[in-house]
Number of protein chains: 2
Amino acid sequence: MSVLKDKILLVATDLFHTRGINSTGVDTIVAVAGTTKMTLYKYFNTKEQLIIEVLKKSQQDFQSWLDEKLNSNTKKPADKIQYLFDYIEEWVNSSAFIGVGFIKASAEFPNEENAIHKLSSLQSREFRQFISKLAMEANIKDADGLALQLSLLFEGAAQAEQMKRGSGAIKYAKKAAKILIDGAIKQS
Amino acid sequence: MSVLKDKILLVATDLFHTRGINSTGVDTIVAVAGTTKMTLYKYFNTKEQLIIEVLKKSQQDFQSWLDEKLNSNTKKPADKIQYLFDYIEEWVNSSAFIGVGFIKASAEFPNEENAIHKLSSLQSREFRQFISKLAMEANIKDADGLALQLSLLFEGAAQAEQMKRGSGAIKYAKKAAKILIDGAIKQS
DNA sequence: AATATTTTATACCGATAGGTATATACAAAA
DNA sequence: TTTTGTATATACCTATCGGTATAAAATATT
């Protein structure tokens, strides 16, 4: 990938999170990235396409980071779900955390027919399925149900952190997750 | 309140939720409301002021509805928290539900210094305190902690419903809430 | 009925939105 | 060294943004 395309993606990601997507013009992006609109539109057909690529990259980066964290922990796969919120907490509390892309995007593009909204919805669903897989490996009976509940805690905590940075919401989300996981295990 | 001001507020509320706040221009609002910009700017100094009044009214309406529901149920105040998510479910599943204003607004105005963001943050905090009061009346020890957890479920479910209408997330949020409430009561 | 006052409608303001036509700078290939 | 193709920069397009000056219409007062 071109170094400039990468720079544009990086800058756009930051600006979208700190100023909002619709409030960030392409002129601002290229100015901060130190390039021009012609260059931007060479790599991205439209602003919508840029938004979509930003969202995809953000989610991929997070998933990769999370996968590695979970795998570096050499425990049995069945135990991964127990550590999920520890890593989520680490991620949320890291200085690099600037929010969850698909949460913000779905708010700015509420129309369910919109391509960006559809992608956000898909990413949310995929993350839930990822949790569900962890739950299944932990032999939890209602894996999908637990995954949905944990994803609500995750999205709620991300939301809370967006409203007030350093809210500490994730700490309580983690506690709630433990209660729900333990309860689900008992019934399995 | 003037009938036209009321109409503008109503139309703006709907458009903000269905199209997004930043994506809805004042021209569109007055066109749908059947009036003109001069009239709008007579009642609201700026678009920001209109947004703020829309947010305040939305939250007041929801709180009033919820209060009445909780009070019409003639149970002891200590039991109200047990029914909280039943009413939230009713509200979310009603056809009138179009989302939670402060959640969307905080996503569109991420800057913590922004007046709209500050209001969103305040409303989220106030709702959490409302839940905390219910928890205290139910003699729950860590009322604030439980309230925070329940608010995460609430905001997560609202988020999920925003991503995919009719997701059924609220049903599982309700189940999770029951587990957390029962657990908190046991420790009190 | 004539005047005074408020409300509404039209037309416009500069700034910025996303996007592009054209020209120039710069490589690599010949 | 000249040619050829690609990447970059400048300038500009139309549409729309939030907001307003001004004039017409409607209402109230005398």
Side-chain angles (χ1 to χ4, degrees), chain A residues 1-56 104-105 107-111 113-117 119, chain B residues 1-56 101 104-105 107-111 113-119:
Chain A
M1 183 181 319
S2 156
V3 55
L4 262 182
K5 178 175 185 183
D6 209 46
K7 185 75 196 280
I8 291 170
L9 271 175
L10 223 67
V11 166
T13 302
D14 183 65
L15 289 176
F16 287 163
H17 276 100
T18 55
R19 304 188 186 184
I21 300 173
N22 280 316
S23 301
T24 303
V26 287
D27 298 88
T28 307
I29 295 170
V30 296
V32 175
T35 180
T36 67
K37 281 205 279 192
M38 270 309 289
T39 307
L40 187 148
Y41 280 104
K42 185 168 126 31
Y43 295 119
F44 309 95
N45 289 333
T46 61
K47 187 190 178 186
E48 183 175 80
Q49 196 55 44
L50 170 60
I51 297 169
I52 285 175
E53 291 204 29
V54 163
L55 286 177
K56 284 185 177 172
K104 300 188 175 192
E108 293 215 46
F109 303 91
N111 186 341
E113 298 307 311
N114 178 281
I116 297 168
H117 186 100
L119 175 61
Chain B
M1 182 181 316
S2 155
V3 55
L4 260 182
K5 178 174 186 184
D6 209 47
K7 185 76 194 280
I8 291 170
L9 272 175
L10 223 67
V11 167
T13 302
D14 183 65
L15 290 176
F16 286 164
H17 277 100
T18 53
R19 304 188 187 185
I21 300 173
N22 281 316
S23 302
T24 303
V26 287
D27 299 86
T28 307
I29 295 170
V30 296
V32 175
T35 180
T36 66
K37 282 205 279 192
M38 272 308 288
T39 307
L40 186 150
Y41 280 104
K42 184 168 128 26
Y43 295 119
F44 309 94
N45 289 332
T46 60
K47 187 191 178 185
E48 182 175 79
Q49 196 55 44
L50 169 60
I51 297 168
I52 285 175
E53 292 204 30
V54 164
L55 286 177
K56 284 184 177 172
K104 300 188 176 194
E108 294 216 46
F109 303 91
N111 186 342
E113 299 306 310
N114 179 281
I116 297 168
H117 186 100
K118 281 181 180 168
L119 175 61

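Letters go in sequence order (proteins before strands), and every chain restarts at 1.
To the nearest angstrom, P of dG19(D) lies 9 Å from CG of L40(B). Between the CD1 atom of I21(B) and the P atom of dC17(D) there is a distance of 15 Å, rounded to whole Å. Distance, K5(B) NZ to dT7(C) C1': 16 Å, rounded to whole Å. Protein atom CZ of R19(A) is 14 Å distant from nucleotide atom C1' of dT16(C), rounded to whole Å.
The distance from atom CG of L10(B) to atom CG of L15(B), rounded to the nearest 0.5 Å, is 10.5 Å. Taking OH of Y43(B) as the reference point, atom CG of L9(B) lies at 11.0 Å (rounded to 0.5 Å). The distance from the CG atom of L119(B) to the CG atom of N114(B) is 10.0 Å, given to the nearest 0.5 Å. Between the CD atom in E108(A) and the NE2 atom in H117(A) there is a gap of 13.0 Å [rounded to 0.5 Å].
For the pair K104(B) and A107(A), the tightest heavy-atom approach, listed with the atom from each and the gap, is CA-CB, 4.1 Å.
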Using the 3.5 Å cut-off, write out each protein N or O paired with an N or O of nucleotides 20-28 of chain C and the distance between them.
none

Please write out each protein N/O paired with an N/O of nucleotides 5-7 of chain D under 3.5 Å, distance rounded to 0.1 Å.
{"residue": "dA7(D)", "atom": "OP2", "partner": "K42(A)", "partner atom": "NZ", "Å": "3.3"}

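Taking 4.5 Å as the limit, some side-chain heavy atom of T35(B) sits within range of a side-chain heavy atom of V30(B).
Both tests hold for K5(B) against F44(B): distance to the six-membered ring centre under 6.0 Å, angle to the ring axis within 45°.
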Stepwise, does the side chain to side chain contact (heavy atoms under 4.5 Å, CB included) test hold for V26(A) with Y41(A)? CA-CA 10 Å; V26(A) 287; Y41(A) 280 104; 3.8 Å; yes

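For residues 11-38 of chain B, the pairs satisfying salt bridge (Lys or Arg N to Asp or Glu O under 4.0 Å) are D27(B)-K37(B), with sequence neighbours left out.
Residues from residues 23-36 of chain B lying near DNA chain D, meaning a heavy-atom separation below 4.0 Å, are T24(B), G25(B), V26(B), D27(B) in numerical order.
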Show me the donor-acceptor pairs, under 3.5 Å and distance only, between side chains in residues 47-54 of chain B and residues at least two apart or in other chains.
{"residue": "K47(B)", "atom": "NZ", "partner": "I21(B)", "partner atom": "O", "Å": "3.2"}
{"residue": "K47(B)", "atom": "NZ", "partner": "T24(B)", "partner atom": "O", "Å": "2.8"}

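The local environment of NZ in K56(B) is sparse, with at most 12 non-hydrogen atoms from other residues, nucleotides or ligands closer than 6.0 Å.
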Canonical and wobble pairing (Watson-Crick, G-U, under 3.5 Å) of DNA chain C, dot-bracket with |: |||||||||||||||||||||||.||||||

